[in-house]
Undergrad: 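Right, I'll just put the structure down here and ask away after.
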Protein chains: 2
Amino acid sequence: MKETEPVIRHTADCLRASRVLSSIAGKWSVLVIMLLREQPLRFSELKRGVDGISQRMLTLTLRNLERNGLVTRTVTPSIPPRVDYELTGLGHSLADPIQSVGLWAFRHLEKIEAAQAHYDARATAPSGPDGEN
Amino acid sequence: MKETEPVIRHTADCLRASRVLSSIAGKWSVLVIMLLREQPLRFSELKRGVDGISQRMLTLTLRNLERNGLVTRTVTPSIPPRVDYELTGLGHSLADPIQSVGLWAFRHLEKIEAAQAHYDARATAPSGPDGEN
DNA sequence: CCGTATCCAGGGGGATACTG
DNA sequence: CAGTATCCCCCTGGATACGG
């Protein structure tokens, strides 16, 4: 069946799109967006929520999302300081597709890692599965 | 909490998921998957379809997708040689979510680039929009 | 036609320490 | 609490050239 919508048009668009996709395809962006999709969160909540992310990478990820107009950053100059992050309208419009991809990743962790192991095994031992050496 | 589905469980899963997401989040993966979603394609067709991708990056992207069990690579040893790439079942299960993200990127190119320009302008001229210096 | 090999610049991303 | 700054490694990704 044919798409009613022009999927990939031409030349320049691909380059621009791939640049945009690279922006939101940082190592942690998807997970951060998944968390913010539920509700606004402050820095430390995100840090705890993602788990494994460093302070530095969380900052960079959030700055990048902010730069792309996907999240807002609200500073409350109290003591201790408080900073809340929240998806913009644009951010929410991306959140659902991203959520799908994210859930897919969580659901298929096993399969993916199995496929990788399989592929790597073949690549490492091209002589066959009958124990060489 | 409230979600009926355990979205982001804990610790190790985040690290594994982010690794998986990084794999499929290469600069060109989304575009390649979008093309393969319609039908199997050979190397040169993909090269033409994506436009802007180098031979090297197309090869690496496809190898990576193959490693993750998302595409199959079929070699027909004719002269000239012919190599077809096709989404696996796993690949197809990812294709729809990815398609959503890809379409989102194409639709919002303008907004994103505008947001970036806006952000960069503020970052470059922090003293305000009234001609500083 | 379909790659692989090589060179090379840039940035992603981790660890750690310091500031307001 | 919420960052910045620094160091440093390695991977990404482009260009080019070569091989089957």
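Treat the numbers as computed from the prediction; the structure is a model and nothing was measured. Order of the sequence lines fixes the chain letters, A, B, ..., with proteins taken first and strands second; residue numbering starts at 1 for each chain.
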Undergrad: Please report the distance, rounded to the nearest Å, between CZ in B/Phe43 and C1' in C/dC2.
TA: 6 Å
Undergrad: What is the separation between atom CD1 on A/Ile53 and atom C1' on C/dG12, rounded to the nearest whole Å?
TA: 13 Å
Undergrad: Is the shortest side-chain N/O distance from A/Arg56 to OP1 or OP2 of C/dG12 below 4.0 Å?
TA: no
Undergrad: Any salt bridge linking B/Glu86 with B/Arg42? Criterion: basic side-chain nitrogen under 4.0 Å from a carboxylate oxygen.
TA: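 No salt bridge links B/Glu86 with B/Arg42.
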Undergrad: In whole Å, what is the span from the CD1 atom of A/Ile79 to the P atom of C/dT19?
TA: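 Distance, rounded to whole Å: 18 Å.
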Undergrad: Starting from P on D/dG13, measure out to CZ on A/Arg19 and report it in whole angstrom.
TA: 13 Å
Undergrad: Assigning hydrophobic clusters by single linkage (Ile, Leu, Val, Met, Phe, Trp, Tyr; side-chain heavy-atom cutoff under 4.5 Å), is B/Met57 placed with B/Val83?
TA: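 Yes.
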Undergrad: Picking from C/dG14, C/dG20, D/dA17, which would you name as closest to the side chain of A/Ser54?
TA: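 Of C/dG14, C/dG20, D/dA17, C/dG14 is nearest to the side chain of A/Ser54.
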Undergrad: Within the structure provided, determine whether A/Val71 and A/Val32 are in side-chain contact (heavy-atom separation under 4.5 Å).
TA: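 Contact flag for A/Val71/A/Val32 side chains = no.
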Undergrad: Among C/dT4, C/dG20, D/dG14, which nucleotide sits nearest the side chain of B/Arg63?
TA: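 Minimum distance to the B/Arg63 side chain belongs to C/dT4.
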Undergrad: Measure NZ/A/Lys27 against C1'/D/dT12 and give the value in whole Å, please.
TA: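 Nearest whole value for this atom pair: 14 Å.
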Undergrad: Rounded to the nearest angstrom, tell me the gap between atom CE in B/Met57 and atom C1' in C/dC2.
TA: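 So the two atoms are 17 Å apart, to the nearest Å.
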Undergrad: Respond yes when some side-chain nitrogen or oxygen of B/Tyr85 is under 4.0 Å from OP1 or OP2 of C/dG3, and no when none is.
TA: yes
Undergrad: Quick check: are there more than 12 heavy atoms from other residues, nucleotides or ligands sitting under 6.0 Å from NZ of B/Lys111?
TA: no
Undergrad: With respect to the side chain of B/Val83, which nucleotide from D/dC1, D/dA2, C/dC2 is positioned closest?
TA: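 Taking heavy atoms from C-beta onward, the closest nucleotide is C/dC2.
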Undergrad: D/dT12 P sits how many Å from B/Leu60 CG, rounded?
TA: 8 Å
Undergrad: Taking OP1 and OP2 of D/dA2, is either one under 4.0 Å from a side-chain nitrogen or oxygen of A/Arg73?
TA: no
Undergrad: OP1 or OP2 of C/dC2 versus the side-chain N and O atoms of B/Ser44: is any pair under 4.0 Å?
TA: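 Checking B/Ser44 against C/dC2: at least one side-chain N or O falls below 4.0 Å of OP1 or OP2.
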Undergrad: Is any side-chain N or O of B/Lys47 closer than 4.0 Å to OP1 or OP2 of C/dC1?
TA: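 The answer is no; no side-chain N or O of B/Lys47 sits under 4.0 Å from OP1 or OP2.
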Undergrad: Could you state the atom-to-atom distance from CZ of B/Arg42 to P of C/dG3 in whole Å?
TA: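 Distance check: B/Arg42 CZ to C/dG3 P gives 10 Å.
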Undergrad: Would you call B/Arg82 and B/Asp84 a salt bridge, taking side-chain N to carboxylate O under 4.0 Å as the test?
TA: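 Salt bridge between B/Arg82 and B/Asp84, a charged N being under 4.0 Å from a carboxylate O: yes.
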